[in-house]
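Residue numbering restarts at 1 for every chain, and letters A, B, ... go by the order of the sequence lines.
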There are 4 protein chains.
Amino acid sequence: MSTSTNKRDDIIHSALTLFAERGFDATTIPMIATDAKVGAGTIYRYFDNKEVLVNTLFQHYVTLFSDTLEKNYPEEDSIYQKFHHLFQGMVRFTNEHDHALYFIKTHASAYFLTADSREQFSHLLMILQNFFDEGKKKKQIRKLPSQALIAIMFGGFLQLYQLIRAGEIEASEDLLVGVEESFWDAVRHHQ
Amino acid sequence: MSTSTNKRDDIIHSALTLFAERGFDATTIPMIATDAKVGAGTIYRYFDNKEVLVNTLFQHYVTLFSDTLEKNYPEEDSIYQKFHHLFQGMVRFTNEHDHALYFIKTHASAYFLTADSREQFSHLLMILQNFFDEGKKKKQIRKLPSQALIAIMFGGFLQLYQLIRAGEIEASEDLLVGVEESFWDAVRHHQ
Amino acid sequence: MSTSTNKRDDIIHSALTLFAERGFDATTIPMIATDAKVGAGTIYRYFDNKEVLVNTLFQHYVTLFSDTLEKNYPEEDSIYQKFHHLFQGMVRFTNEHDHALYFIKTHASAYFLTADSREQFSHLLMILQNFFDEGKKKKQIRKLPSQALIAIMFGGFLQLYQLIRAGEIEASEDLLVGVEESFWDAVRHHQ
Amino acid sequence: MSTSTNKRDDIIHSALTLFAERGFDATTIPMIATDAKVGAGTIYRYFDNKEVLVNTLFQHYVTLFSDTLEKNYPEEDSIYQKFHHLFQGMVRFTNEHDHALYFIKTHASAYFLTADSREQFSHLLMILQNFFDEGKKKKQIRKLPSQALIAIMFGGFLQLYQLIRAGEIEASEDLLVGVEESFWDAVRHHQ
DNA sequence: CATGAATGAGCTTTCATTCAT
DNA sequence: AATGAATGAAAGCTCATTCAT
């Protein structure tokens with residue numbers, strides 16, 4: 001019957017938004033506290049310090065994203081089917097967790113990430129890398145280093161997503177179909 | 001007679017490197033001063049404050065990049081020729097100004113950018129936008145919002161460039177040819 | 001029917017130990033609560049605040065110590081008998097209330113003591129002062145200000161007691177006899 | 001021609017006074033800054049943090065005290081001569097460095113002392129221990145553990161000194177002569 | 001011009017205290 | 001009566017900025 005949500009979740013949500021919008025260093029604990037409508041001290045009941053907070057957040061969303069990509073992965077289907085699955089995963093994750101993917105990207109090489117966080121992120125990259133490696137072996141993906149292909153897709157997608165969030169373009173069904181096609185053409189092997 | 005280069009340039013160079021590597025907020029004035037081998041106070045002889053410094057830097061490199069793209073723009077040639085010119089411009093600019101493009105991207109939506117800086121950045125986008133608009137009119141570029149096409153290319157390229165700087169992949173001639181092809185396939189109109 | 005001892009006593013006991021070991025300012029309320037196995041809020045049911053707690057403690061043990069010294073004081077006996085009584089009182093009190101005397105000494109001139117606490121402490125000093133005054137009048141105690149004699153004995157004894165608690169020397173019967181002799185020689189009138 | 005003293009010394013002096021009067025934990029950096037008439041940040045130009053400050057202070061005065069005791073130590077003279085030298089050293093050091101000895105004693109077993117600091121303090125104790133050990137061997141010092149004898153003398157002297165500083169008794173020549181006699185009787189071997 | 005010691009505003013963090021349960 | 005989650009005031013500390021040299 002209570003309308004109040006869980007405080008820990010409020011903090012996580014506020015921190016995610018602010019870290020994504022301003023970056024870790026430009027986000028202060030008082031900012032997060034105000035946004036989450038809790039006292040500054042309360043944040044320290046849930047997280048030992050600011051770096052633990054950002055790492056917890058990072059690992060949480062990286063894991064969630066990895067899970068999204070791995071769930072129902074069409075192991076037996078065509079490369080294109082797999083590509084489609086991954087792309088749709090990106091779109092869905094992005095819709096369900098507003099700032100999460102952008103937060104992940106902008107903080108993925110930050111100086112304050114722990115070994116744990118880096119490892120989780122490596123796992124995420126590995127999922128994508130495996131896909132591209134398989135595709136290249138089957139001569140259906142362009143002969144470029146998998147890391148490069150990931151960068152092209154990830155980098156492009158997130159840059160695009162920022163535009164959508166900024167309201168500069170609309171995330172219509174048409175747009176997403178077109179973008180998926182564009183990325184597929186960017187990475188697929190052309191005769 | 002002095003062998004030392006211009007102090008203002010030293011400061012700009014150090015600031016660019018550090019802002020690109022650590023971000024604006026994680027970079028302190030003493031860090032820049034130490035790296036540039038000048039006193040901290042000296043920075044304030046050339047720049048009113050830290051925000052002026054970062055905006056000066058931003059505008060400087062955005063302008064330089066715009067100039068690179070506009071110079072010798074093949075106004076009369078094919079869309080592909082123009083694409084090739086723009087891509088080569090990105091590559092060349094990136095080689096000549098080590099951290100500049102990455103700095104531009106990571107700071108392009110920062111909270112501390114002045115109207116001036118945002119305008120300069122808009123101009124840069126406009127160059128690319130004009131190209132895509134023209135290409136779409138001539139049915140040689142994919143029917144997607146130009147902003148989306150820019151995001152895909154810019155975002156992808158810079159993500160890729162980060163890998164190169166991090167030493168994770170090598171910027172061979174082959175790679176660049178392959179990447180150019182990939183981007184061209186991403187943006188061109190397919191029958 | 002409960003096996004647990006009185007909560008107020010638990011708090012007093014834990015506070016005494018921690019104040020003696022770490023000092024008032026380095027001891028936090030949560031530390032005391034944890035050690036006493038009560039909630040932090042419970043401490044405030046028994047004591048208005050931390051300063052009230054430390055003053056209550058101080059007065060409690062100062063009074064207890066005064067009582068120990070006054071009880072069975074050999075009013076009619078020789079100065080040496082009285083000295084012996086006082087010294088034995090110190091030893092006994094120290095054995096019965098582990099950290100109490102050390103806590104008293106280290107907090108006897110603290111900035112947070114109330115007038116009440118200071119008065120109680122004065123009473124304790126008065127007991128000793130009366131003894132020394134009488135002894136000097138009877139020419140059996142060294143001609144030094146009584147306060148000085150108290151300082152010498154109290155200061156020395158507690159410093160010694162710290163060593164015993166730290167386990168650096170053992171509180172054997174021999175040691176105590178020797179120490180009593182030493183103090184007696186320090187304060188008695190020599191021909 | 002300047003009347004201003006060295007800022008580092010001002011900080012050290014203020015810190016010594018406050019640490020001695022209130023203790024480490026009850027002394028705040030702003031208190032020290034105010035007392036030393038410097039900005040709070042200035043303290044951090046000279047000392048990395050509060051613990052470094054207190055350890056620097058501790059080692060400085062322990063070394064100074066050790067030097068005072070060791071200088072002109074009458075290696076060839078009688079035990080009593082040596083005792084006199086040590087006692088006079090304590091008196092002189094105490095007069096020259098107002099709060100130093102009290103600060104040393106009250107912080108000598110603090111939780112924040114570094115290994116270095118503890119070592120320096122051990123060296124100081126060793127000087128006294130060697131004296132007592134030699135005296136006992138020559139049967140001129142009471143048969144008690146040297147540590148106990150040190151505690152009696154040190155503890156008593158400092159407790160006394162506090163009275164003097166508090167203005168409760170006056171440090172007349174007579175007093176000091178009497179106190180020296182008292183301590184000598186406390187520690188010397190009696191037939 | 002150039003410097004870096006000095007500053008204090010504002011950061012991260014702790015902890016005495018309150019209060020809903 | 002007892003609790004411990006929540007709070008915010010104030011601590012330790014950093015760093016953009018100033019200014020005497």
Side-chain angles (χ1 to χ4, degrees), chain A residues 2 4 6-8 10-11 25-34 36-53, chain B residues 4 7-8 10-11 24-34 36-54, chain C residues 4 7-8 10-11 24-34 36-54, chain D residues 2 4 6-8 10-11 25-34 36-53:
Chain A
S2 159
S4 96
N6 180 281
K7 273 179 202 291
R8 189 174 188 276
D10 291 349
I11 293 165
D25 293 292
T27 301
T28 69
I29 293 288
M31 278 178 198
I32 298 170
T34 302
K37 295 190 175 54
V38 300
T42 303
I43 293 174
Y44 289 87
R45 288 199 66 74
Y46 294 99
F47 305 95
D48 276 354
N49 56 53
K50 202 183 164 190
E51 299 214 345
V52 166
L53 170 58
Chain B
S4 90
K7 272 179 202 293
R8 189 173 188 279
D10 290 349
I11 293 164
F24 174 76
D25 293 288
T27 302
T28 69
I29 293 288
M31 277 180 199
I32 298 170
T34 302
K37 295 187 174 57
V38 300
T42 305
I43 292 175
Y44 287 84
R45 298 213 133 270
Y46 293 99
F47 306 95
D48 276 355
N49 56 52
K50 201 184 168 191
E51 301 216 343
V52 166
L53 170 58
V54 77
Chain C
S4 90
K7 273 179 202 293
R8 189 173 188 278
D10 290 348
I11 294 164
F24 174 75
D25 293 288
T27 301
T28 70
I29 293 287
M31 277 179 199
I32 298 170
T34 303
K37 295 188 176 54
V38 301
T42 304
I43 293 175
Y44 287 86
R45 296 216 133 268
Y46 293 100
F47 305 95
D48 276 355
N49 56 52
K50 201 183 166 191
E51 300 215 344
V52 166
L53 169 59
V54 76
Chain D
S2 160
S4 98
N6 179 281
K7 270 177 204 294
R8 190 175 188 276
D10 291 349
I11 293 164
D25 292 292
T27 302
T28 70
I29 293 288
M31 277 178 197
I32 298 170
T34 303
K37 294 187 175 57
V38 300
T42 304
I43 293 174
Y44 290 88
R45 288 199 66 74
Y46 293 100
F47 305 95
D48 275 355
N49 55 54
K50 202 183 164 191
E51 300 213 344
V52 166
L53 170 58

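Between the CE atom of M31(C) and the P atom of dC15(E) there is a distance of 7 Å, rounded to whole Å. Distance CZ (F47(D)) to P (dC13(F)): 13 Å, rounded to an integer number of Å. In this structure, D48(D) atom CG and dC15(F) atom P are separated by 13 Å, rounded to whole Å. Rounded to whole angstrom, the span from the CD1 atom of I32(A) across to the C1' atom of dC11(E) amounts to 12 Å. Rounded to an integer number of Å, the gap from E51(B) CD to dT17(F) P is 8 Å.
Side-chain atoms of I32(D) and L53(D), non-hydrogen and from C-beta on, do get closer than 4.5 Å to each other.
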Does the pair D10(C) and K37(C) meet the rule for a side chain to side chain contact (heavy atoms under 4.5 Å, CB included), with working shown? CA-CA 8 Å; D10(C) 290 348; K37(C) 295 188 176 54; over 6 Å; no
Applying side chain to side chain contact (heavy atoms under 4.5 Å, CB included) to F24(C) and D25(D), what does each step give before you reach the verdict? CA-CA 9 Å; F24(C) 174 75; D25(D) 292 292; over 6 Å; no
Show your reasoning for whether side chain to side chain contact (heavy atoms under 4.5 Å, CB included) applies to K7(C) and T42(C). CA-CA 9 Å; K7(C) 273 179 202 293; T42(C) 304; 4.3 Å; yes
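Separation of atoms CG (D48(C)) and CD1 (I43(C)) is listed at 13.0 Å; rounding is to 0.5 Å. Remark: I11(B) CD1 to F47(B) CZ distance equals 6.0 Å, nearest 0.5 Å.
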How would DNA chain E look in dot-bracket form, 5' to 3', counting Watson-Crick and G-U wobble pairs with both distances under 3.5 Å and writing | for bases paired to another strand? .||||||||||||||||||||
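Looking at every heavy atom in both residues, I29(A) comes nearest to K50(A) through CD1-CG, 3.8 Å.
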Nucleotide by nucleotide, 5' to 3', does protein get under 4.0 Å of the base (B), only the sugar-phosphate (S), or neither (-) in nucleotides 1-10 of chain E, counting heavy atoms? SBBBBBBB--
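Remark on DNA chain E: of its neighbouring residues D25(C) and Y44(A), the 5'-side contact belongs to Y44(A), judged by nearest-heavy-atom nucleotide.
Residue T27(C) is in sugar-phosphate contact alone, with no base atom involved, counting any heavy-atom pair closer than 4.0 Å across all strands shown. At the heavy-atom level, I29(C) lies under 4.0 Å from base atoms of the strands shown.
Looking at the side chain of K50(D), the nearest of the listed nucleotides dT17(E), dG12(F), dT14(E) is dG12(F).
With C1' as the reference atom, dT21(F) and dC1(E) are 13 Å apart, rounded to whole Å.
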